[in-house]
Undergrad: 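Supplied in structure tokens, the structure appears directly below.
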Amino acid sequence: MRESRMNSLWALCALAALPLACAANEGSVDRKVAADAKGDVLISNVSGSVDVRGWDRNEIQVTGQVDEDVERVDVESSGGRTVIKVILPKGRSNGGDAMLEVQVPRGSSVEVSAVSADVSSKGVLGTQRLKTVSGEITAEISGEDSEVRSVSGDITVHGSGKPINLRVSSVSGGLDLTNGAGKLDVVTVSGDARVHMGDSSEINARTTSGELELHTRLSKDARVSIESVSGDLTLDLGDSAGLALEIESFSGDINGCLAEGKVEQVSKYGPGTRLNSRTGDGSARVRAKTLSGDIEICDR
Amino acid sequence: MTTRRVKGIGELPRDIPPARDLWPKIAEAIQADLSMKAVPDTRRRTGWWPAVGLAASVALVAVGVFIGKNFKPDEAQTLAGTQTLAPAADGGDSGMVKASLREAAYQKQRDQLWKEVQVKLNSMPPAEREKVGKSLATLKKSIQEIHDALGHDPANALLQELLVTTSQEEMRVLTTVRDSGRQEL
């Protein structure tokens with residue numbers, strides 16, 4: 001049965017008109033196609049792993065292992081667009097591990113979609129869109145307008161320190177972002193988020209119950225908006241330009257170390273605390289709000 | 001109806017009588033209020049709470065309007081497979097009615113989405129189902145907590161804002177979970 005399937009696969013490979021859809025030998029993949037230096041690469045894999053590496057050649061190489069439940073791995077390339085797709089037998093939507101290593105030209109824009117497969121990327125300079133459901137994502141990101149998204153998988157992103165526009169979101173997975181800069185959107189429901197940014201011009205962050213820790217240096221005219229329901233917020237804004245702070249919590253505590261400003265009660269008769277303060281020219285505006293989460297903020 | 005052009009403000013009448021005299025009803029209401037002050041505190045309190053409840057519901061309808069405005073109709077159709085509401089037949093002069101209808105449509109879509117997400121959760125591996133299920137439960141509980149807080153402080157702008165954004169977040173997350181896998185591949 002297995003042998004006849006492999007024979008059919010080789011027969012398919014012999015037809016040049018069809019997409020490249022062949023394993024080099026049983027259980028392994030090894031394909032190479034020419035590619036644009038700044039082309040698009042789309043990869044999809046249900047289960048297993050996808051490891052993307054940028055290299056200095058104008059070609060894409062796909063290597064790896066696939067288990068017997070994988071029907072084939074398609075590699076199609078045309079018009080600056082390469083699609084790499086792990087195909088499972090009809091009617092199957094899970095299982096079928098494929099462990100792929102994909103080497104792409106550094107300047108490529110990469111989009112990876114996975115279900116339970118872990119995704120990692122390194123050395124890619126173009127835009128990256130990495131999505132999984134339960135797989136973990138570990139990525140070095142330096143491309144403008146990039147996005148990293150998971151449902152329950154943890155996300156670890158290392159930026160290049162160069163300002164970019166980055167969106168990171170998870171439902172229950174944790175987020176860990178280091179060396180970011182520029183504009184950032186972070187959303188989690190219950191996952192904790194730790195964000196270390198260099199110079200930031202705009203940050204929008206939102207969590208429901210996860211803890212959010214933000215360390216950044218705000219540039220002049222920066223805008224920061226952070227919201228949490230019950231998750232605690234820790235904001236370290238040391239070395240930032242002049243700040244205008246609007247911090248408010250319905251029933252959480254506001255603490256921290258600030259050069260200016262004092263926490264006050266919103267109402268004489270009900271719950272609620274707020275802190276409005278201004279340092280320097282107040283050009284960088286920071287708004288943080290919680291329902292019951294505590295807020296700790298430092299600007300030195 | 002005849003019209004007359006006026007050349008100066010002095011030609012305008014100094015007072016215009018109302019179409020009907022409202023004063024007797026107003027006086028009656030004041031009198032009722034005065035007699036209310038004579039009854040014990042407990043009775044007055046029971047009379048006050050429904051008003052708070054009403055105010056809360058008005059605030060929530062207003063919040064519903066915000067959510068409805070920010071929730072794209074085509075997205076809503078895709079989400080729940082239901083039709084969005086047609087404009088009111090009366091030409092749209094009844095804001096409250098429209099807001100209530102929008103709130104009802106939102107609730108219907110939300111309930112439908114929760115059902116679809118439950119189906120999706122059942123198809124997930126146990127560990128993932130537990131993890132994602134807990135997050136969704138947290139989200140639901142958070143919205144309830146904000147509702148509860150709004151019940152005590154209906155005019156609180158912070159709570160209203162949190163309710164709007166958390167409700168929007170819930171819809172976004174529910175859609176993400178429902179479409180996960182299918183969307184990714």
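Below, chains carry the letters A, B, ... as their sequence lines are ordered, and counting in each starts from 1. Side-chain atoms are counted along with the backbone in the values below, which use heavy atoms only and exclude waters and symmetry mates.
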Undergrad: A/Gly191, A/Ser152, A/Gly210, A/Ser209: which one forms the most heavy-atom pairs within less than 4.5 Å of chain B?
TA: A/Ser152
Undergrad: By a 4.5 Å heavy-atom criterion (distance strictly below it), what part of A/Ser251 contacts chain B: side chain, backbone, both, or neither?
TA: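 Looking at A/Ser251, nothing touches chain B.
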Undergrad: Would you mind telling me which of B/Leu136, B/Ile146, B/Ile143 has the largest number of heavy-atom pairs within less than 4.5 Å of chain A?
TA: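 The residue among B/Leu136, B/Ile146, B/Ile143 with the greatest pair count is B/Ile146.
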Undergrad: Looking at A/Val171 and B/Ser135, what are the two nearest heavy atoms and their distance?
TA: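 Reported closest heavy-atom pair: CG1-CB, 3.7 Å.
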Undergrad: In terms of heavy-atom pairs under 4.5 Å with chain A, which of B/Thr138, B/Thr165, B/Asn156, B/Val132 leads?
TA: B/Thr165
Undergrad: Calculate, to the nearest 0.5 Å, the distance between atoms CZ and OG belonging to A/Arg149 and B/Ser180 respectively.
TA: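 Atom-to-atom, A/Arg149:CZ and B/Ser180:OG are 10.0 Å apart.
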Undergrad: Look up atom NZ in B/Lys134 and atom OG in A/Ser190, then write down how far apart they are to the nearest 0.5 Å.
TA: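 With rounding to 0.5 Å, NZ (B/Lys134) is 9.5 Å from OG (A/Ser190).
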Undergrad: Where on B/Val173 is there a heavy atom nearer than 4.5 Å to chain A: the side chain, the backbone, both, or neither?
TA: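 The side chain, not the backbone.
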Undergrad: Inspect the surroundings of NZ in B/Lys131 and state if more than 12 heavy atoms from other residues, nucleotides or ligands are less than 6.0 Å away.
TA: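 Counting neighbours around NZ of B/Lys131, more than 12 heavy atoms of other residues, nucleotides or ligands fall under 6.0 Å, so yes.
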Undergrad: Can you tell if the side chain of B/Glu170 reaches within under 4.5 Å of the side chain of A/Thr208, non-hydrogen atoms only?
TA: no
Undergrad: Please identify, among A/Arg274, A/Arg206, A/Glu227, the residue contributing the most non-hydrogen atom pairs under 4.5 Å to chain B.
TA: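 Greatest number of close heavy-atom pairs with chain B: A/Arg206.
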Undergrad: Let me know if B/Leu159 has heavy atoms under 4.5 Å from chain A in its side chain, its backbone, both or neither.
TA: side chain
Undergrad: Can you tell me which portion of A/Arg129 sits under 4.5 Å from chain B's heavy atoms? Options are side chain, backbone, both or neither.
TA: neither
Undergrad: Taking every heavy-atom pair that is under 4.5 Å apart, which of B/Leu158, B/Leu162, B/Asp153, B/Val177 has the most such pairs with chain A?
TA: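 Among B/Leu158, B/Leu162, B/Asp153, B/Val177, the one with the most close pairs to chain A is B/Leu158.
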Undergrad: Which one wins on heavy-atom pair count under 4.5 Å against chain B: A/Ser169, A/Ser172, A/Ser116?
TA: A/Ser172
